[in-house]
There are 2 protein chains.
Amino acid sequence: MQISSRFTIAIHIFACINTFEKEYKITSDFLASSVNANPVIIRKLLQQLKAAGLVTVQRGSGGASIAKPLEEITFFDIYNAVECIDKGKLFHFHENSNKNCPVGRNIHHILDDKLERIQKAMEEEMKKITIADVIRDTRKYISEDIK
Amino acid sequence: MQISSRFTIAIHIFACINTFEKEYKITSDFLASSVNANPVIIRKLLQQLKAAGLVTVQRGSGGASIAKPLEEITFFDIYNAVECIDKGKLFHFHENSNKNCPVGRNIHHILDDKLERIQKAMEEEMKKITIADVIRDTRKYISEDIK
DNA sequence: TAACGTTGTAATCAAAAGAGTTACAACAAT
DNA sequence: ATTGTTGTAACTCTTTTGATTACAACGTTA
């Protein structure tokens, strides 16, 4: 299985807010239209991003905005905020191995450190990429697009 | 979402074969009992591992064995063999973004290289861990277990 | 202060994917 | 031939994701 599209949608949201906030009010309907998803899905994501301190959302009047400098928001922050993997574990473990078998009884201990190493390698790379990088490329592609 | 348990089960299979092949014939039923999964699931996995040249399976008489030196079988080999992520992509992309929106139209281009970087970091770490490492720790834990 | 547009959130539904299960033909060894 | 096993298809069950409906809470402004 793959990491949930909640992650790429969340990044999409940041790109949209930054690109359009001068011109439009950024509502969940507006974002849902760009992403092509249901507005309720967007609102849930915005709630999670808000809980992580990455965006602000105006209740009543409406509108979302980015809460921190772009270069301070890493992919890792977003990945944690939107809980795109289950219980923080990248690998799904077969939990019910046979405890009467010497291998079944120990397989979790045997693998845990190795799986963590791999997950950590991924997460460290995520920390190196920020929304500032996304915005830079968004502008680049949009300007090429228009030509 | 998480990476399918097919991956950890496959590693479990290698640990079992190596630990018990001197004593027992390693049938899909034997492995299924240690993993606590259905024998058909195990057979499908064995087929995939066989297709990747990592194990051999005897039809008719029965029994599986490891086809290569332990230190030449990396986690990356297994991960590829058992197709534990969808279409080789770690991240699920929201594919139907709005092509009339400048961001929706370009978001895939904008993100692809960054997602690949992250996936690659994970896969490179997977290449550094082998079944030899697993077997070493299996023996260690089992011997501690017995004391 | 009433009307309007929006957010926050619960509840329910539909679709997709993983894993389990049943069934049985193909095969090897005795 | 019989036995035990693999290879594989077909189907079901379960879990998870995302879609949808519904509506109260809230701000703004006319």
Side-chain angles (χ1 to χ4, degrees), chain A residues 1-10 12-13 17 21 24-33 35-51 55-65 67 82-98, chain B residues 1-10 12-13 17 21 24-33 35-51 55-65 67 82-98:
Chain A
M1 275 295 278
Q2 300 173 302
I3 290 175
S4 166
S5 62
R6 311 169 61 69
F7 180 65
T8 56
I9 294 175
H12 187 143
I13 287 175
I17 296 177
E21 64 187 347
Y24 304 99
K25 179 167 72 170
I26 311 297
T27 65
S28 61
D29 264 48
F30 180 92
L31 292 167
S33 161
V35 170
N36 200 24
N38 193 284
V40 176
I41 303 293
I42 304 293
R43 284 183 223 147
K44 278 189 194 163
L45 276 172
L46 284 173
Q47 283 309 303
Q48 295 185 292
L49 296 171
K50 178 181 154 192
V55 304
T56 58
V57 189
Q58 268 60 53
R59 183 167 200 172
S61 55
S65 59
V82 304
E83 293 170 340
C84 47
I85 61 172
D86 198 43
K87 300 183 190 96
K89 297 285 182 189
L90 180 60
F91 295 96
H92 184 203
F93 214 101
H94 57 292
E95 295 291 349
N96 295 45
S97 56
N98 186 346
Chain B
M1 276 294 280
Q2 299 173 301
I3 292 175
S4 166
S5 62
R6 309 168 63 70
F7 180 65
T8 56
I9 294 175
H12 187 143
I13 286 174
I17 296 177
E21 65 188 345
Y24 304 99
K25 180 166 71 169
I26 310 297
T27 66
S28 60
D29 265 47
F30 180 92
L31 291 168
S33 160
V35 170
N36 200 24
N38 193 285
V40 177
I41 303 291
I42 302 294
R43 283 183 225 148
K44 278 189 193 162
L45 277 172
L46 284 172
Q47 283 309 305
Q48 294 185 294
L49 295 171
K50 177 181 155 192
V55 304
T56 59
V57 188
Q58 268 61 53
R59 182 167 200 174
S61 55
S65 59
V82 303
E83 294 170 341
C84 47
I85 63 172
D86 198 43
K87 299 179 190 98
K89 296 286 181 188
L90 180 60
F91 295 95
H92 183 202
F93 213 102
H94 57 291
E95 295 290 350
N96 295 45
S97 56
N98 185 345

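The chains referred to below are lettered A, B, ... by the order of the sequence lines, with proteins before strands, and numbering in each begins at 1.
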Please identify the 5'-most and 3'-most nucleotides of DNA chain D with any atom under 4.0 angstrom from a heavy atom of chain B.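 Both ends considered, the range comes out as D:dG4 to D:dT17.
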
Starting from [atom2] on [N], measure out to [atom1] on [X] and report it in whole angstrom.
X: A:Q48; N: C:dT7; atom1: CD; atom2: C1'; result: 15 Å
X: A:Q47; N: C:dA10; atom1: CD; atom2: P; result: 11 Å
X: B:K44; N: C:dA19; atom1: NZ; atom2: C1'; result: 8 Å
X: B:N36; N: C:dG18; atom1: CG; atom2: P; result: 20 Å
X: A:I41; N: C:dT9; atom1: CD1; atom2: P; result: 15 Å
X: B:N96; N: C:dA15; atom1: CG; atom2: P; result: 15 Å
X: A:E95; N: C:dA19; atom1: CD; atom2: P; result: 13 Å
X: A:R6; N: C:dA16; atom1: CZ; atom2: C1'; result: 17 Å

Kindly indicate whether the side chain of B:I3, heavy atoms from C-beta on, has any atom under 4.5 Å from the side chain of A:I85.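 No; the side chains remain at least 4.5 Å from each other.
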
Contact check, side chains of A:R6 and A:L45, non-hydrogen atoms, under 4.5 Å: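 Sidechains of A:L45 and A:R6: in contact.
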
Minimal non-hydrogen separation, B:A32 against B:N38, with atom names: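 The pair with the smallest heavy-atom distance is CB-C, 4.1 Å.
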
Let me spell it out: for each of B:H92 and B:V40, pick the nucleotide of DNA chain D with the closest heavy atom. Which residue's pick is nearer the 5' end?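 On the 5' side of the pair lies B:V40.
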
First locate atom CG of A:L31, then atom NE2 of A:H12, and finally report the distance between them rounded to the nearest 0.5 Å.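 Between A:L31 CG and A:H12 NE2, I get 7.5 Å after rounding to 0.5 Å.
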
Hey, could you give me the CD1/CD1 distance between B:I9 and B:I42, rounded to the nearest 0.5 Å?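 Going from CD1 on B:I9 over to CD1 on B:I42, the span is 6.0 Å.
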
If you compare every side-chain N and O of B:N38 against the phosphate oxygens of C:dA19 (OP1, OP2), does one of them come in below 4.0 Å?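 For C:dA19, OP1/OP2 do not have a side-chain N/O of B:N38 under 4.0 Å.
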
With respect to A:I13, which candidate in A:L46, A:I26, A:T8 satisfies the side-chain contact (heavy atoms from CB on, under 4.5 Å) definition?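 Testing A:I13 for a side-chain contact (heavy atoms from CB on, under 4.5 Å) against A:L46, A:I26, A:T8 leaves exactly one candidate, A:L46.
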
Tabulate protein N/O versus nucleotide N/O from nucleotides 1-6 of chain C, keeping only pairs under 3.5 Å, one per line.
residue	atom	partner	partner atom	Å
C:dG5	N2	A:G60	O	2.6

